[in-house]
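Each chain gets a letter, A, B and so on, in the order its sequence line appears, and its residues count up from 1. Values reported hereafter were calculated over all heavy atoms of this structure, with side chains retained and with hydrogens, waters and symmetry mates removed.
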2 protein chains.
Amino acid sequence: MSITYREVKADILRQITQGELAPGSAMPNEVDLAASYGCARATVNRAMRELADDGIIERRRKAGTRVRQNPIRQVRLNIPIVGQEIAELGASYRYTLVHSQAEPAPDWLRARMALDRDDRVMHLICMHYADGAPYQHEDRWINLGALPEAEDHDFTDTGPNEWLVSTVPFTDAQISFHAVAADTSLAGYLGCAEGDPLFQTERTTWLEGRTITFVQLTYRRGHRVTMQY
Amino acid sequence: MSITYREVKADILRQITQGELAPGSAMPNEVDLAASYGCARATVNRAMRELADDGIIERRRKAGTRVRQNPIRQVRLNIPIVGQEIAELGASYRYTLVHSQAEPAPDWLRARMALDRDDRVMHLICMHYADGAPYQHEDRWINLGALPEAEDHDFTDTGPNEWLVSTVPFTDAQISFHAVAADTSLAGYLGCAEGDPLFQTERTTWLEGRTITFVQLTYRRGHRVTMQY
DNA sequence: TCCCCTGAAAGATATAGACATAAGGTGGAA
DNA sequence: TTCCACCTTATGTCTATATCTTTCAGGGGA
């Protein structure tokens with residue numbers, strides 16, 4: 001076959017990284033590039049589209065394509081399910097349900113989850129262990145108005161995350177990362193000292209505009225989230 | 001024009017989220033889908049390719065396409081330059097160079113950056129302020145073997161990050177997020193108490209296999225990194 | 001001078017057809 | 001029975017061409 005879009009992409013990327021195409025400079029248009037590579041315009045288009053998607057170049061109709069002044073640096077971050085995360089570490093996974101109760105939503109949670117005054121929630125506290133050692137503390141609230149089945153479901157054996165992803169896959173979510181100090185309770189569960197700095201993830205999940213669940217995931221001391229780009 | 005790949009994608013996604021196509025189930029092949037949508041195979045292909053890229057479906061030659069059992073949850077995370085990050089908050093940005101010295105690489109850093117025994121590094125400590133308040137503490141090491149210009153460059157007015165992205169754009173990097181306790185020095189710089197939990201980012205950057213720089217970015221107390229998907 | 005309309009440029013996308021590649025499945029040989 | 005060669009099939013990609021959409025730039029009118 002003739003030249004592939006991967007080769008075109010690689011060649012353009014090479015020209016950019018080796019300085020033949022300076023940041024900020026304009027590139028030839030698709031028609032000319034196709035002619036110079038001796039391929040169809042669609043091939044060049046796909047190469048350029050992917051480069052634009054990667055944040056390397058910037059494309060605008062009529063204005064043409066140029067090398068970005070400062071390439072956008074972005075990474076893709078996988079949001080794992082804790083059981084899988086631990087399995088990928090090569091460790092054995094154990095789950096425990098610590099607390100499980102349906103109750104009216106406290107005020108702070110009503111604000112976070114955009115709930116009404118009389119909405120009830122399922123409050124679950126769970127622990128996830130890797131090779132027997134505490135790995136993650138899960139403090140989860142499920143909106144019983146949106147998911148009444150949660151009240152009767154038995155979370156003794158499998159975590160709410162597993163149940164949720166199989167019951168309501170394809171949700172929208174907002175995630176945030178931050179650091180917290182271990183309070184007495186977290187220190188007890190995670191086997192660290194009170195006041196220790198812990199990495200915490202918060203996640204709110206929606207389905208078609210309705211809040212499904214809010215969860216705080218607190219990791220054992222020293223946990224890192226790592227990415228490449 | 002006839003049906004677009006976006007419409008095809010949206011329709012397939014709708015079928016999946018509304019349960020018409022169950023997780024794990026096989027989908028019709030591209031030729032059949034194209035016929036049923038009354039469009040070209042390339043149109044269906046693009047829709048399916050993007051869905052696969054989004055982690056919704058799984059495609060294998062010959063085996064066909066099926067809806068993923070558990071959709072891959074992933075987010076794109078932009079790695080901002082601190083000045084831009086602060087500007088986007090609508091705050092004023094101020095930068096200070098605290099410390100700047102060329103020195104032999106300490107042992108722990110040689111391991112991290114894969115340096116030789118006699119490699120020298122540029123050690124920079126900087127502070128970034130938002131509306132006058134401490135925002136981020138930057139502790140950076142630049143490999144002078146790979147970037148000798150760094151020794152003579154003046155970092156008084158602009159941060160090393162800005163200089164690096166304009167000098168060596170298009171690098172590879174590994175990033176990690178974690179929580180640390182503020183030591184005396186960090187507490188002083190960031191205006192928090194010793195022992196406070198702080199969100200920290202570590203980043204190692206390479207260019208063609210050579211380590212360029214290693215940096216620890218520690219944020220003010222309460223900082224969050226937020227993402228949507 | 002300012003504003004709106006129009007033409008043209010360049011990317012975005014659709015189409016039909018062809019060939020490439022990977023991999024599941026099957027039948028025959030060992 | 002086991003295993004390998006081969007056939008088939010679904011996705012992957014390229015070509016050539018056409019149309020659509022966005023947007024810049026220039027001209028004309030108020």
Will you find, in the side chains of A/Y135 and A/E85, an N or O donor that is under 3.5 Å from an N or O acceptor?
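Yes.
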Rounded interatomic separation in angstrom, taking [atom1] from [X] and [atom2] from [N]:
X	N	atom1	atom2	result
A/R41	D/dA16	CZ	P	13 Å
B/K62	C/dA23	NZ	P	12 Å
B/M48	C/dT13	CE	P	18 Å
A/R61	D/dT19	CZ	P	17 Å
A/Y37	D/dC14	OH	C1'	16 Å
B/I57	D/dA10	CD1	C1'	13 Å
A/E58	D/dT22	CD	P	18 Å
A/Y5	D/dG12	OH	P	9 Å

Looking at [N], I'd like to know if its phosphate oxygens (OP1 or OP2) sit under 4.0 Å from a side-chain N or O belonging to [X].
X	N	answer
B/N45	D/dG12	yes
A/R60	C/dA10	no
B/T43	C/dT13	no
A/R59	C/dA12	yes
B/T65	D/dA10	no
A/R6	D/dT13	yes

Among the nucleotides C/dT15, D/dC24, D/dT15, which one has an atom lying closest to any side-chain atom of B/S2?
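Between C/dT15, D/dC24, D/dT15, the one nearest the side chain of B/S2 would be C/dT15.
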Contact summary for [X] and [Y], nearest pair of heavy atoms:
X	Y	answer
B/R68	B/G55	CD-O, 2.9 Å
B/N143	B/G145	OD1-N, 2.9 Å
A/R220	A/A130	NH1-CB, 4.4 Å

Taking DNA chain C as the partner, which of residues 20-30 of chain A come within under 4.0 angstrom of it by heavy atom?
A/N29, A/E30
Taking B/D154 for its side chain and B/T156 for its backbone only, find out whether a donor-acceptor pair lies under 3.5 Å.
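Answer holds: yes.
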Would you call B/E50 and B/R6 a salt bridge, taking side-chain N to carboxylate O under 4.0 Å as the test?
no
Let me know which of B/H137, B/Q200, B/Q136 forms a side chain to side chain donor-acceptor pair (under 3.5 Å) with B/T218.
B/Q200
